[in-house]
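Reviewing the structure listed below.
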Amino acid sequence: MAEQPRIEASAEGPGRYRIAPTGDMRVPGVVFATEDPLPQAAGDQALAQVVNVAALPGIVGASYAMPDVHWGYGFPIGGVAATDVEAGGVVSPGGVGFDISCGVRLLAARCDRAELAPRLPAVMDSLGARIPRGAGRGAVWELSDSRLDRVLAEGARHAVDSGHGVARDLARCEDGGALTGAAAGGEVGRRARERGLGQLGSLGSGNHFLEVQEVDEVYDEAAAEAMGVRAGQVCVMIHCGSRGLGHQICTDHVRTMDRAMRRYGVRVADRQLAAVPVTSPEGEAYLRAMAAAANYARANRQLLSEAARRAFTGELGTERGGLDLVYDISHNVASLETHRVDGAPRRLCVHRKGATRALPPGHRDLPPELAEVGQPVLIPGTMGTASYLLTGVEGGGAWHSACHGAGRVRSRHGAAREIGGGRLRADLESRGIAVRGTTARGLAEEAPTAYKDIDAVVAATESAGLARRVARLVPLGVVKG
DNA sequence: ATGTAC
(Lines give C-alpha, C1' and ligand atoms only; values in the text may rest on other atoms or scores of the structure.)
Protein backbone atom coordinates (compact mmCIF):
# COMPACT_ATOMS: atom_id res chain seq x y z
CA MET A 1 0.00 0.00 0.00
CA ALA A 2 1.30 3.40 -0.94
CA GLU A 3 1.52 6.06 1.72
CA GLN A 4 -1.39 8.51 1.68
CA PRO A 5 -0.16 11.72 0.05
CA ARG A 6 -0.17 14.99 1.96
CA ILE A 7 -3.20 17.07 1.07
CA GLU A 8 -3.97 20.63 2.12
CA ALA A 9 -6.65 23.28 1.57
CA SER A 10 -6.03 25.24 -1.62
CA ALA A 11 -5.62 28.99 -1.73
CA GLU A 12 -7.42 29.00 -5.10
CA GLY A 13 -10.84 28.85 -3.51
CA PRO A 14 -13.25 26.91 -1.32
CA GLY A 15 -13.99 23.28 -1.99
CA ARG A 16 -10.49 22.65 -3.33
CA TYR A 17 -7.64 20.69 -1.79
CA ARG A 18 -4.15 20.44 -3.20
CA ILE A 19 -1.40 17.85 -3.32
CA ALA A 20 1.89 19.67 -3.90
CA PRO A 21 4.11 18.18 -6.61
CA THR A 22 6.81 15.89 -5.25
CA GLY A 23 8.92 13.15 -6.78
CA ASP A 24 7.91 12.42 -10.37
CA MET A 25 4.79 14.58 -10.30
CA ARG A 26 4.79 17.06 -13.22
CA VAL A 27 1.73 18.94 -11.92
CA PRO A 28 -0.06 19.21 -8.56
CA GLY A 29 -3.06 17.13 -7.57
CA VAL A 30 -6.31 19.02 -7.06
CA VAL A 31 -9.14 17.35 -5.14
CA PHE A 32 -12.57 18.97 -5.10
CA ALA A 33 -14.44 18.41 -1.84
CA THR A 34 -16.18 20.47 0.82
CA GLU A 35 -14.96 18.45 3.76
CA ASP A 36 -13.02 15.27 4.42
CA PRO A 37 -11.28 15.14 1.06
CA LEU A 38 -9.98 11.65 1.75
CA PRO A 39 -11.99 8.87 0.12
CA GLN A 40 -13.81 6.96 2.81
CA ALA A 41 -13.29 3.35 1.84
CA ALA A 42 -10.74 1.45 3.89
CA GLY A 43 -7.57 0.97 1.88
CA ASP A 44 -8.83 3.24 -0.89
CA GLN A 45 -5.80 4.30 -2.94
CA ALA A 46 -7.55 7.01 -4.94
CA LEU A 47 -5.28 9.82 -3.76
CA ALA A 48 -2.16 7.78 -4.48
CA GLN A 49 -3.62 7.31 -7.95
CA VAL A 50 -4.11 11.08 -8.29
CA VAL A 51 -0.37 11.37 -7.57
CA ASN A 52 0.53 8.66 -10.12
CA VAL A 53 -1.54 10.36 -12.82
CA ALA A 54 0.25 13.65 -12.10
CA ALA A 55 3.44 12.03 -13.41
CA LEU A 56 2.08 11.12 -16.85
CA PRO A 57 4.09 12.50 -19.80
CA GLY A 58 2.57 15.69 -21.18
CA ILE A 59 0.05 16.26 -18.37
CA VAL A 60 -0.91 19.92 -17.96
CA GLY A 61 -2.80 21.87 -15.32
CA ALA A 62 -3.30 19.35 -12.56
CA SER A 63 -4.32 15.78 -11.85
CA TYR A 64 -7.92 16.44 -10.79
CA ALA A 65 -10.25 14.46 -8.56
CA MET A 66 -13.99 15.12 -8.43
CA PRO A 67 -15.89 14.98 -5.10
CA ASP A 68 -16.99 11.39 -5.85
CA VAL A 69 -13.44 10.12 -6.39
CA HIS A 70 -12.63 6.52 -5.51
CA TRP A 71 -10.14 3.79 -6.33
CA GLY A 72 -10.13 2.58 -9.93
CA TYR A 73 -8.00 0.73 -12.48
CA GLY A 74 -4.86 2.86 -12.76
CA PHE A 75 -6.65 6.21 -12.72
CA PRO A 76 -9.10 6.97 -9.93
CA ILE A 77 -12.78 6.95 -10.81
CA GLY A 78 -13.74 10.60 -10.63
CA GLY A 79 -10.40 11.58 -12.18
CA VAL A 80 -9.72 14.17 -14.89
CA ALA A 81 -6.36 14.55 -16.63
CA ALA A 82 -5.41 16.47 -19.78
CA THR A 83 -2.25 15.90 -21.79
CA ASP A 84 -0.76 18.24 -24.39
CA VAL A 85 -1.01 16.39 -27.73
CA GLU A 86 1.81 18.29 -29.45
CA ALA A 87 4.16 18.08 -26.47
CA GLY A 88 4.35 14.29 -26.30
CA GLY A 89 1.19 13.98 -24.22
CA VAL A 90 -0.05 10.43 -23.76
CA VAL A 91 -3.41 8.72 -23.95
CA SER A 92 -4.18 5.96 -21.46
CA PRO A 93 -7.12 3.52 -21.63
CA GLY A 94 -7.04 3.43 -17.82
CA GLY A 95 -7.98 7.12 -17.92
CA VAL A 96 -11.21 6.26 -19.67
CA GLY A 97 -12.10 3.04 -17.92
CA PHE A 98 -13.26 -0.39 -18.97
CA ASP A 99 -16.82 0.74 -19.58
CA ILE A 100 -16.02 3.11 -22.42
CA SER A 101 -18.61 5.91 -22.72
CA CYS A 102 -20.61 4.70 -19.80
CA GLY A 103 -23.11 7.47 -19.39
CA VAL A 104 -26.56 8.72 -18.61
CA ARG A 105 -29.63 9.69 -20.58
CA LEU A 106 -32.63 11.56 -19.24
CA LEU A 107 -36.03 11.52 -20.94
CA ALA A 108 -38.97 13.68 -19.88
CA ALA A 109 -42.45 12.18 -19.96
CA ARG A 110 -45.56 14.17 -20.89
CA CYS A 111 -47.26 13.40 -17.60
CA ASP A 112 -46.97 14.10 -13.89
CA ARG A 113 -46.60 11.66 -11.04
CA ALA A 114 -50.31 11.74 -10.19
CA GLU A 115 -51.27 10.90 -13.77
CA LEU A 116 -48.79 8.04 -13.92
CA ALA A 117 -49.56 6.60 -10.47
CA PRO A 118 -52.47 4.29 -11.41
CA ARG A 119 -50.46 2.89 -14.33
CA LEU A 120 -47.05 2.74 -12.62
CA PRO A 121 -47.16 -0.98 -11.74
CA ALA A 122 -48.13 -1.84 -15.32
CA VAL A 123 -45.45 0.45 -16.74
CA MET A 124 -42.87 -1.17 -14.47
CA ASP A 125 -43.99 -4.65 -15.52
CA SER A 126 -43.71 -3.66 -19.16
CA LEU A 127 -40.26 -2.15 -18.61
CA GLY A 128 -39.24 -5.24 -16.70
CA ALA A 129 -40.25 -7.39 -19.66
CA ARG A 130 -38.66 -5.16 -22.33
CA ILE A 131 -35.32 -4.13 -20.84
CA PRO A 132 -32.57 -6.76 -21.28
CA ARG A 133 -30.25 -6.74 -18.27
CA GLY A 134 -27.63 -8.68 -16.38
CA ALA A 135 -24.33 -10.12 -17.57
CA GLY A 136 -24.03 -11.71 -20.97
CA ARG A 137 -26.24 -11.59 -24.02
CA GLY A 138 -29.60 -9.96 -24.45
CA ALA A 139 -30.45 -7.10 -26.77
CA VAL A 140 -33.26 -4.89 -28.01
CA TRP A 141 -31.64 -5.00 -31.46
CA GLU A 142 -29.69 -8.08 -32.57
CA LEU A 143 -27.10 -6.92 -35.09
CA SER A 144 -25.62 -8.32 -38.26
CA ASP A 145 -21.92 -7.72 -38.90
CA SER A 146 -22.62 -4.90 -41.34
CA ARG A 147 -25.11 -3.25 -38.95
CA LEU A 148 -22.47 -3.35 -36.23
CA ASP A 149 -20.11 -1.46 -38.55
CA ARG A 150 -22.72 1.27 -38.99
CA VAL A 151 -23.34 1.46 -35.22
CA LEU A 152 -19.61 1.76 -34.49
CA ALA A 153 -19.26 4.52 -37.11
CA GLU A 154 -22.47 6.46 -36.51
CA GLY A 155 -23.67 5.70 -32.99
CA ALA A 156 -27.14 6.90 -32.05
CA ARG A 157 -27.45 8.52 -35.48
CA HIS A 158 -27.58 5.11 -37.13
CA ALA A 159 -30.18 3.91 -34.63
CA VAL A 160 -32.37 6.93 -35.39
CA ASP A 161 -31.81 6.64 -39.16
CA SER A 162 -32.98 3.02 -38.89
CA GLY A 163 -36.25 4.00 -37.22
CA HIS A 164 -35.16 3.63 -33.58
CA GLY A 165 -35.94 7.16 -32.44
CA VAL A 166 -36.69 10.61 -33.81
CA ALA A 167 -34.37 13.22 -35.32
CA ARG A 168 -34.82 15.51 -32.31
CA ASP A 169 -33.14 12.88 -30.13
CA LEU A 170 -29.83 13.51 -31.86
CA ALA A 171 -29.90 17.23 -31.14
CA ARG A 172 -29.98 16.34 -27.46
CA CYS A 173 -27.07 13.89 -27.53
CA GLU A 174 -23.55 14.98 -26.69
CA ASP A 175 -21.66 15.22 -30.02
CA GLY A 176 -24.94 14.79 -31.90
CA GLY A 177 -25.01 11.12 -30.93
CA ALA A 178 -21.84 10.11 -32.76
CA LEU A 179 -18.13 10.67 -32.26
CA THR A 180 -16.22 11.15 -35.49
CA GLY A 181 -13.06 9.23 -36.26
CA ALA A 182 -14.32 5.86 -35.11
CA ALA A 183 -12.41 2.74 -36.05
CA ALA A 184 -12.83 1.54 -39.61
CA GLY A 185 -10.50 -1.44 -39.40
CA GLY A 186 -8.83 -3.79 -37.01
CA GLU A 187 -8.71 -1.43 -34.02
CA VAL A 188 -11.90 -3.10 -32.80
CA GLY A 189 -10.85 -6.72 -32.51
CA ARG A 190 -12.83 -9.82 -33.42
CA ARG A 191 -13.69 -10.69 -29.82
CA ALA A 192 -14.92 -7.19 -29.11
CA ARG A 193 -17.13 -7.34 -32.20
CA GLU A 194 -18.49 -10.77 -31.25
CA ARG A 195 -19.38 -9.52 -27.78
CA GLY A 196 -21.04 -6.45 -29.23
CA LEU A 197 -23.28 -8.24 -31.72
CA GLY A 198 -25.73 -9.56 -29.14
CA GLN A 199 -25.81 -6.76 -26.54
CA LEU A 200 -27.09 -3.60 -28.25
CA GLY A 201 -29.97 -2.32 -26.16
CA SER A 202 -29.12 -3.85 -22.78
CA LEU A 203 -28.36 -2.44 -19.34
CA GLY A 204 -25.65 -4.76 -18.11
CA SER A 205 -25.21 -5.10 -14.36
CA GLY A 206 -23.68 -3.47 -11.30
CA ASN A 207 -24.76 0.13 -10.80
CA HIS A 208 -26.46 0.37 -14.19
CA PHE A 209 -30.17 1.01 -14.14
CA LEU A 210 -33.27 2.36 -15.80
CA GLU A 211 -35.37 4.43 -13.42
CA VAL A 212 -38.75 6.05 -13.60
CA GLN A 213 -38.32 9.28 -11.65
CA GLU A 214 -40.22 12.36 -10.57
CA VAL A 215 -38.77 15.88 -10.71
CA ASP A 216 -38.70 16.54 -6.98
CA GLU A 217 -37.27 20.05 -6.93
CA VAL A 218 -36.27 22.69 -9.46
CA TYR A 219 -33.46 25.09 -8.52
CA ASP A 220 -33.34 27.08 -11.77
CA GLU A 221 -36.70 27.46 -13.52
CA ALA A 222 -35.30 29.07 -16.66
CA ALA A 223 -32.64 26.43 -17.20
CA ALA A 224 -35.09 23.62 -16.42
CA GLU A 225 -37.57 25.02 -18.92
CA ALA A 226 -34.92 25.31 -21.63
CA MET A 227 -33.90 21.70 -20.98
CA GLY A 228 -37.55 20.55 -20.98
CA VAL A 229 -38.23 19.60 -17.35
CA ARG A 230 -40.60 20.97 -14.67
CA ALA A 231 -41.46 20.12 -11.06
CA GLY A 232 -43.68 17.08 -10.64
CA GLN A 233 -42.92 15.76 -14.10
CA VAL A 234 -42.21 12.07 -14.69
CA CYS A 235 -38.83 11.26 -16.23
CA VAL A 236 -36.88 8.19 -17.27
CA MET A 237 -33.17 7.96 -16.52
CA ILE A 238 -30.94 5.34 -18.16
CA HIS A 239 -27.43 4.62 -16.89
CA CYS A 240 -25.38 2.15 -18.94
CA GLY A 241 -22.38 1.85 -21.24
CA SER A 242 -20.72 -0.11 -24.01
CA ARG A 243 -21.12 -3.55 -22.41
CA GLY A 244 -18.70 -6.32 -23.40
CA LEU A 245 -17.56 -4.53 -26.55
CA GLY A 246 -16.07 -1.58 -24.68
CA HIS A 247 -14.59 -3.85 -22.03
CA GLN A 248 -12.85 -5.97 -24.65
CA ILE A 249 -11.50 -2.90 -26.47
CA CYS A 250 -10.02 -1.58 -23.22
CA THR A 251 -8.47 -4.96 -22.44
CA ASP A 252 -6.99 -5.32 -25.93
CA HIS A 253 -5.50 -1.82 -26.09
CA VAL A 254 -4.09 -1.88 -22.55
CA ARG A 255 -2.18 -5.00 -23.56
CA THR A 256 -0.91 -3.41 -26.78
CA MET A 257 0.19 -0.25 -24.96
CA ASP A 258 1.83 -2.19 -22.16
CA ARG A 259 4.14 -3.71 -24.78
CA ALA A 260 4.59 -0.53 -26.85
CA MET A 261 5.31 1.89 -23.99
CA ARG A 262 9.05 1.18 -23.78
CA ARG A 263 9.53 2.03 -27.43
CA TYR A 264 8.24 5.52 -26.76
CA GLY A 265 10.21 5.95 -23.56
CA VAL A 266 7.01 6.28 -21.56
CA ARG A 267 7.45 5.32 -17.92
CA VAL A 268 4.46 5.16 -15.59
CA ALA A 269 4.16 4.67 -11.84
CA ASP A 270 1.67 1.82 -12.19
CA ARG A 271 1.38 -0.69 -15.01
CA GLN A 272 -2.36 -0.06 -15.04
CA LEU A 273 -1.54 3.42 -16.35
CA ALA A 274 -0.25 1.93 -19.64
CA ALA A 275 -0.06 4.87 -22.04
CA VAL A 276 1.49 5.93 -25.35
CA PRO A 277 1.76 9.30 -27.10
CA VAL A 278 -1.58 10.46 -28.52
CA THR A 279 0.08 10.88 -31.93
CA SER A 280 1.63 7.38 -32.00
CA PRO A 281 0.01 4.65 -34.16
CA GLU A 282 -1.05 2.82 -30.99
CA GLY A 283 -2.46 5.98 -29.45
CA GLU A 284 -4.43 6.85 -32.58
CA ALA A 285 -5.68 3.27 -32.87
CA TYR A 286 -6.95 3.36 -29.29
CA LEU A 287 -8.76 6.66 -29.84
CA ARG A 288 -10.44 5.27 -32.97
CA ALA A 289 -11.51 2.13 -31.09
CA MET A 290 -12.62 4.21 -28.11
CA ALA A 291 -14.77 6.36 -30.43
CA ALA A 292 -16.33 3.19 -31.86
CA ALA A 293 -17.16 1.94 -28.38
CA ALA A 294 -18.52 5.39 -27.47
CA ASN A 295 -20.80 5.21 -30.50
CA TYR A 296 -21.93 1.75 -29.45
CA ALA A 297 -22.76 3.05 -25.97
CA ARG A 298 -24.79 5.96 -27.40
CA ALA A 299 -26.69 3.60 -29.71
CA ASN A 300 -27.22 1.32 -26.70
CA ARG A 301 -28.88 4.12 -24.72
CA GLN A 302 -30.91 5.07 -27.82
CA LEU A 303 -32.26 1.52 -28.17
CA LEU A 304 -33.14 1.36 -24.48
CA SER A 305 -34.96 4.67 -24.85
CA GLU A 306 -37.05 3.15 -27.61
CA ALA A 307 -37.91 0.18 -25.39
CA ALA A 308 -38.93 2.60 -22.62
CA ARG A 309 -41.05 4.57 -25.11
CA ARG A 310 -42.90 1.40 -26.09
CA ALA A 311 -43.58 0.59 -22.44
CA PHE A 312 -44.88 4.12 -21.73
CA THR A 313 -47.01 4.51 -24.85
CA GLY A 314 -48.33 0.97 -24.40
CA GLU A 315 -49.75 1.88 -20.99
CA LEU A 316 -50.42 5.63 -21.33
CA GLY A 317 -51.13 6.12 -25.02
CA THR A 318 -49.12 7.94 -27.64
CA GLU A 319 -49.68 11.45 -26.21
CA ARG A 320 -49.22 11.03 -22.43
CA GLY A 321 -46.70 8.24 -22.89
CA GLY A 322 -44.35 10.26 -25.06
CA LEU A 323 -40.75 10.55 -23.83
CA ASP A 324 -38.72 13.56 -24.99
CA LEU A 325 -34.97 13.41 -24.70
CA VAL A 326 -33.51 15.95 -22.28
CA TYR A 327 -29.89 14.97 -22.83
CA ASP A 328 -27.45 12.07 -23.21
CA ILE A 329 -23.94 12.44 -21.81
CA SER A 330 -20.98 10.18 -21.13
CA HIS A 331 -18.79 10.10 -18.02
CA ASN A 332 -16.08 7.68 -19.25
CA VAL A 333 -14.34 9.06 -22.32
CA ALA A 334 -11.28 10.90 -23.56
CA SER A 335 -11.71 13.77 -25.98
CA LEU A 336 -9.45 16.02 -28.00
CA GLU A 337 -10.29 19.58 -27.01
CA THR A 338 -8.69 23.00 -27.31
CA HIS A 339 -8.14 24.83 -24.03
CA ARG A 340 -6.00 27.75 -22.98
CA VAL A 341 -2.89 26.66 -21.10
CA ASP A 342 -0.70 29.43 -19.70
CA GLY A 343 -2.58 31.87 -21.92
CA ALA A 344 -2.15 29.99 -25.20
CA PRO A 345 -4.62 27.65 -26.92
CA ARG A 346 -3.39 24.06 -26.81
CA ARG A 347 -4.77 20.83 -28.23
CA LEU A 348 -5.39 18.55 -25.25
CA CYS A 349 -6.41 14.96 -24.76
CA VAL A 350 -8.79 15.27 -21.83
CA HIS A 351 -9.39 12.00 -19.97
CA ARG A 352 -12.62 11.96 -17.99
CA LYS A 353 -13.12 8.76 -16.02
CA GLY A 354 -16.15 8.91 -13.81
CA ALA A 355 -16.33 12.61 -14.62
CA THR A 356 -18.82 14.46 -16.79
CA ARG A 357 -18.14 17.23 -19.27
CA ALA A 358 -19.88 20.41 -18.13
CA LEU A 359 -19.77 23.11 -20.81
CA PRO A 360 -20.64 26.66 -19.72
CA PRO A 361 -23.32 28.82 -21.37
CA GLY A 362 -22.24 30.11 -24.74
CA HIS A 363 -19.84 27.29 -25.56
CA ARG A 364 -19.74 26.59 -29.30
CA ASP A 365 -20.20 22.82 -28.89
CA LEU A 366 -23.69 23.30 -27.44
CA PRO A 367 -26.86 23.00 -29.57
CA PRO A 368 -28.57 26.41 -30.09
CA GLU A 369 -31.48 25.73 -27.70
CA LEU A 370 -29.03 25.03 -24.86
CA ALA A 371 -26.55 27.79 -25.64
CA GLU A 372 -27.93 30.12 -22.98
CA VAL A 373 -28.14 27.61 -20.14
CA GLY A 374 -25.04 25.48 -20.64
CA GLN A 375 -24.59 21.75 -20.99
CA PRO A 376 -26.98 19.50 -19.08
CA VAL A 377 -24.92 17.35 -16.69
CA LEU A 378 -26.65 14.14 -15.62
CA ILE A 379 -25.70 12.66 -12.26
CA PRO A 380 -27.20 9.26 -11.51
CA GLY A 381 -27.82 8.53 -7.86
CA THR A 382 -27.56 5.26 -6.05
CA MET A 383 -30.54 2.92 -6.04
CA GLY A 384 -33.37 4.46 -4.03
CA THR A 385 -31.70 7.87 -3.74
CA ALA A 386 -31.96 11.11 -5.70
CA SER A 387 -30.38 11.87 -9.08
CA TYR A 388 -29.49 15.34 -10.37
CA LEU A 389 -29.64 17.48 -13.44
CA LEU A 390 -26.88 20.11 -13.33
CA THR A 391 -25.48 22.56 -15.83
CA GLY A 392 -22.00 23.77 -16.67
CA VAL A 393 -20.82 27.13 -15.34
CA GLU A 394 -18.50 29.88 -16.50
CA GLY A 395 -14.99 29.40 -15.21
CA GLY A 396 -15.61 25.75 -14.31
CA GLY A 397 -12.36 24.09 -13.26
CA ALA A 398 -10.82 20.83 -14.44
CA TRP A 399 -11.31 21.60 -18.15
CA HIS A 400 -15.07 21.97 -17.66
CA SER A 401 -15.76 18.76 -15.78
CA ALA A 402 -18.07 17.72 -12.96
CA CYS A 403 -18.74 14.65 -10.86
CA HIS A 404 -20.52 11.56 -12.21
CA GLY A 405 -22.38 9.97 -9.30
CA ALA A 406 -22.22 9.16 -5.66
CA GLY A 407 -18.94 7.24 -5.64
CA ARG A 408 -18.60 3.86 -4.03
CA VAL A 409 -17.20 3.73 -0.49
CA ARG A 410 -17.75 0.05 0.31
CA SER A 411 -16.87 -3.00 -1.78
CA ARG A 412 -19.60 -5.04 -3.39
CA HIS A 413 -18.80 -7.88 -1.05
CA GLY A 414 -18.84 -5.57 1.96
CA ALA A 415 -22.16 -4.06 0.90
CA ALA A 416 -23.76 -7.46 0.44
CA ARG A 417 -22.54 -8.60 3.86
CA GLU A 418 -24.09 -5.56 5.52
CA ILE A 419 -27.64 -5.82 4.23
CA GLY A 420 -29.67 -8.57 2.59
CA GLY A 421 -31.26 -7.98 -0.78
CA GLY A 422 -34.64 -9.06 0.55
CA ARG A 423 -34.65 -6.39 3.24
CA LEU A 424 -33.46 -3.79 0.76
CA ARG A 425 -36.28 -4.61 -1.65
CA ALA A 426 -38.78 -4.36 1.21
CA ASP A 427 -37.29 -0.99 2.24
CA LEU A 428 -37.62 0.37 -1.30
CA GLU A 429 -41.15 -0.92 -1.76
CA SER A 430 -42.24 0.48 1.59
CA ARG A 431 -41.15 3.88 0.24
CA GLY A 432 -43.30 3.32 -2.85
CA ILE A 433 -40.37 2.51 -5.16
CA ALA A 434 -41.18 -0.40 -7.46
CA VAL A 435 -38.23 -2.71 -8.20
CA ARG A 436 -37.95 -4.98 -11.23
CA GLY A 437 -35.11 -7.25 -12.20
CA THR A 438 -31.86 -8.44 -10.64
CA THR A 439 -31.26 -10.85 -7.80
CA ALA A 440 -31.28 -10.27 -4.05
CA ARG A 441 -27.48 -10.34 -4.19
CA GLY A 442 -27.46 -7.84 -7.06
CA LEU A 443 -29.62 -5.47 -5.04
CA ALA A 444 -27.52 -5.83 -1.90
CA GLU A 445 -24.28 -5.04 -3.76
CA GLU A 446 -25.79 -1.72 -4.82
CA ALA A 447 -27.16 -0.76 -1.41
CA PRO A 448 -27.16 3.01 -0.85
CA THR A 449 -24.97 2.49 2.24
CA ALA A 450 -22.17 1.38 -0.11
CA TYR A 451 -22.03 4.87 -1.64
CA LYS A 452 -21.38 8.45 -0.61
CA ASP A 453 -24.39 10.70 -0.10
CA ILE A 454 -25.29 11.98 -3.58
CA ASP A 455 -26.75 15.21 -2.17
CA ALA A 456 -23.41 15.97 -0.48
CA VAL A 457 -21.39 15.10 -3.61
CA VAL A 458 -23.53 17.41 -5.73
CA ALA A 459 -23.35 20.18 -3.12
CA ALA A 460 -19.55 19.86 -3.13
CA THR A 461 -19.52 19.96 -6.94
CA GLU A 462 -21.57 23.15 -6.89
CA SER A 463 -19.62 24.90 -4.15
CA ALA A 464 -16.35 24.08 -5.91
CA GLY A 465 -17.68 25.98 -8.94
CA LEU A 466 -17.71 22.98 -11.28
CA ALA A 467 -21.43 22.99 -12.11
CA ARG A 468 -24.70 24.14 -10.59
CA ARG A 469 -28.00 22.48 -9.76
CA VAL A 470 -30.97 22.69 -12.10
CA ALA A 471 -33.22 19.93 -10.75
CA ARG A 472 -33.35 17.00 -8.36
CA LEU A 473 -35.10 13.77 -9.30
CA VAL A 474 -36.32 10.97 -7.04
CA PRO A 475 -37.10 7.38 -8.04
CA LEU A 476 -40.60 5.98 -8.48
CA GLY A 477 -39.48 2.68 -9.94
CA VAL A 478 -36.19 1.03 -10.81
CA VAL A 479 -35.17 -1.65 -13.29
CA LYS A 480 -31.79 -2.93 -12.09
CA GLY A 481 -29.11 -4.42 -14.28
C1' DA B 1 -17.74 -2.04 -15.32
C1' DT B 2 -16.90 -7.35 -17.23
C1' DG B 3 -19.10 -14.25 -20.61
C1' DT B 4 -17.05 -11.06 -12.12
C1' DA B 5 -10.13 -15.94 -13.80
C1' DC B 6 -6.44 -17.11 -19.36
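In this text the structure is predicted, and so the values were computed from the model without any measurement. No hydrogens, no waters, no symmetry mates; every other heavy atom, side chains included, goes into these values. Each chain gets a letter, A, B and so on, in the order its sequence line appears, and its residues count up from 1.
- Residue A:Gly136 is in sugar-phosphate contact alone, with no base atom involved, counting any heavy-atom pair closer than 4.0 Å across all strands shown.
- Distance CZ/A:Arg193 to CD/A:Gln248: 13.0 Å, rounded to 0.5 Å.
- Across all strands, A:Arg441 comes closer than 4.0 Å to no nucleic acid atom at all (heavy-atom distances).
- In this model, the phosphate group of B:dT4 is not approached by any side-chain N or O of A:Arg412 to a distance below 4.0 Å at OP1 or OP2.
- In this view, A:His339 and A:Trp399 satisfy the ring-ring contact (aromatic ring centres under 6.0 Å, His included) rule, not counting sequence neighbours.
- Here the C1' atom of nucleotide B:dT2 and the CD1 atom of A:Ile249 are 13 Å apart, to the nearest Å.
- Listed by first and then second residue, the salt bridge (charged side-chain N to carboxylate O under 4.0 Å, His left out) pairs that reach into residues 243-262 of chain A are A:Asp258-A:Arg271, sequence neighbours excluded.
- Contact check, A:Ser205 against B:dT4: no side-chain N or O comes under 4.0 Å of OP1 or OP2.
- Counting non-hydrogen atoms under 4.0 angstrom, A:Glu445 reaches nothing in the nucleic acid.
- Here the C1' atom of nucleotide B:dT2 and the CD atom of A:Glu446 are 14 Å apart, to the nearest Å.
- If you check every strand for non-hydrogen atoms under 4.0 Å, A:Gly204 touches sugar and phosphate atoms only.
- Side-chain polar atoms of A:Ser126 and A:Arg130 form a donor-acceptor pair below 3.5 angstrom.
- Atom CZ in A:Arg255 sits about 9 Å away from atom C1' in B:dC6, given to the nearest Å.
- Here the P atom of nucleotide B:dT2 and the CD atom of A:Gln272 are 18 Å apart, to the nearest Å.
- Heavy atoms of A:Gly206 sit under 4.0 angstrom from primed sugar atoms or phosphate atoms, though from no base atom.
- Paired with A:Arg105 under the rule side-chain hydrogen bond (donor to acceptor under 3.5 Å, both in side chains), one option of A:His239, A:Glu174, A:Gln302 passes, and it is A:Gln302.
- Atoms NE2 (A:His247) and P (B:dA5) sit 10 Å apart, rounded to a whole Å.
- The separation between A:Arg191 atom CZ and B:dA5 atom P is 14 Å, rounded to whole Å.
- Between the CZ atom of A:Arg243 and the P atom of B:dT2 there is a distance of 5 Å, rounded to whole Å.
- Spacing between atom CD of A:Gln248 and atom C1' of B:dA5 amounts to 14 Å, rounded to whole angstrom units.
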